[in-house]
Amino acid sequence: MVCAQCAHLVGDEILVRRRGAPNLAGAVAGLAFGGAALCARAVSFSGAFLLEPLVWALAVFGVTGMLLYAHALEHGQVGPVTALLWIVEVIVPSAAGVLLFGDDVRTGWAPVAVTAVIVTVAAAAVLAHAPATAAAQ
């Protein structure tokens, strides 16, 4: 399953780079980095390290993320591209951890966690569209 997701992500990377949409490339790069984080969380460092599929998936996700982020920065504005990358890179793996892997928030801290996600997304959006960001472009 992980290998299929890696192949799908590499295919998406090729399509995104051909279409040239920098914000989309930044968002998919965030997905790739999030996939790398999930692989790193799940990999077991035992004897046959190079035979572990998650190690290879981590490498594919990481390289794909870097290529897409570089493409997005080359063709788009740094602020919006980076904001999308951060938002997707943090929220998607966090949601996957909670919804798919049984992670949970400490008892009584769910409102704080939800508030933190909202503030993070809002802050990234503000920084992406700040006048200083536009002036620097």
Side-chain angles (χ1 to χ4, degrees):
M1 183 166 132
V2 171
C3 294
Q5 290 171 339
C6 286
H8 185 16
L9 186 63
V10 170
D12 287 348
E13 188 257 340
I14 292 167
L15 289 174
V16 167
R17 288 185 66 166
R18 284 191 182 157
R19 294 194 181 153
N23 290 340
L24 178 60
V28 177
L31 285 174
F33 289 139
L38 290 172
C39 288
R41 175 185 182 264
V43 72
S44 63
F45 296 102
S46 59
F49 182 72
L50 293 178
L51 297 177
E52 178 69 41
L54 287 173
V55 170
W56 293 101
L58 191 148
V60 169
F61 280 129
V63 169
T64 302
M66 289 304 297
L67 291 172
L68 280 168
Y69 187 48
H71 173 78
L73 291 175
E74 183 178 355
H75 297 286
Q77 294 182 342
V78 172
V81 164
T82 303
L84 277 169
L85 178 127
W86 286 345
I87 291 168
V88 172
E89 181 181 3
V90 170
I91 291 178
V92 172
S94 298
V98 170
L99 299 173
L100 301 175
F101 302 128
D103 293 351
D104 57 356
V105 178
R106 188 183 314 166
T107 304
W109 283 80
V112 174
V114 170
T115 302
V117 168
I118 292 168
V119 168
T120 300
V121 171
V126 167
L127 288 173
H129 299 291
T133 302
Q137 303 297 324

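Just so you know, residue 1 is the first one in the sequence shown, and it goes up from there. Here the structure is a predicted model, which means the values were calculated and not measured.
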Here the pair of heavy atoms bringing His75 nearest to Pro22 is O-CG, 3.4 Å

Can you hop from Val78 to Met66 via hydrophobic side chains spaced under 4.5 Å?
yes

The side chain to side chain contact (heavy atoms under 4.5 Å, CB included) partners of Thr115 (sequence neighbours excluded) come to Val119

Between Ala110 and Val105, the two heavy atoms sitting closest are N-CG1, 3.7 Å

Minimal heavy-atom distance between Gly30 and Val88, with the atoms involved, is C-CG1, 3.8 Å

So side chain to side chain donor-acceptor pair (under 3.5 Å) across residues 29-41, not counting sequence neighbours, yields Arg41-Asp103

**Report entry** Heavy-atom check, side chain of Leu38 versus side chain of Phe61, under 4.5 Å
**Finding:** no

dist Leu68:CG -> Leu31:CG (nearest 0.5 Å) comes out at 9.5 Å

### Query
Is there a path of hydrophobic side-chain contacts, each under 4.5 Å between heavy atoms of I, L, V, M, F, W or Y residues, that connects Val121 with Val90?
no

In short, Pro93 meets Gly34 closest at the heavy-atom pair CG-CA, 3.3 Å

Applying side chain to side chain contact (heavy atoms under 4.5 Å, CB included) to Val112 and not counting sequence neighbours gives Trp109

request  = State plainly whether one hydrophobic cluster holds both Val92 and Leu84, where clusters connect Ile, Leu, Val, Met, Phe, Trp and Tyr through side-chain heavy atoms under 4.5 angstrom apart.
outcome  = no

Sorted by chain and residue number, the side chain to side chain contact (heavy atoms under 4.5 Å, CB included) partners of Ala70 (sequence neighbours excluded) come out as none

In short, Ala83 meets Ala124 closest at the heavy-atom pair CB-O, 3.4 Å

- Query: Transitively linked via ILVMFWY side-chain contacts under 4.5 Å: Ile87 with Val117?
  - Reply: yes

Taken in chain and number order and not counting sequence neighbours, the residues that satisfy side chain to side chain contact (heavy atoms under 4.5 Å, CB included) with Leu85 are Ala29, Phe33, Tyr69, Glu89

Flag the pair Leu73 / Thr82 as yes when at least one side-chain heavy-atom distance between them is below 4.5 Å, and no otherwise. yes

Sorted by chain and residue number, the side-chain hydrogen bond (donor to acceptor under 3.5 Å, both in side chains) partners of Asp104 (sequence neighbours excluded) come out as none

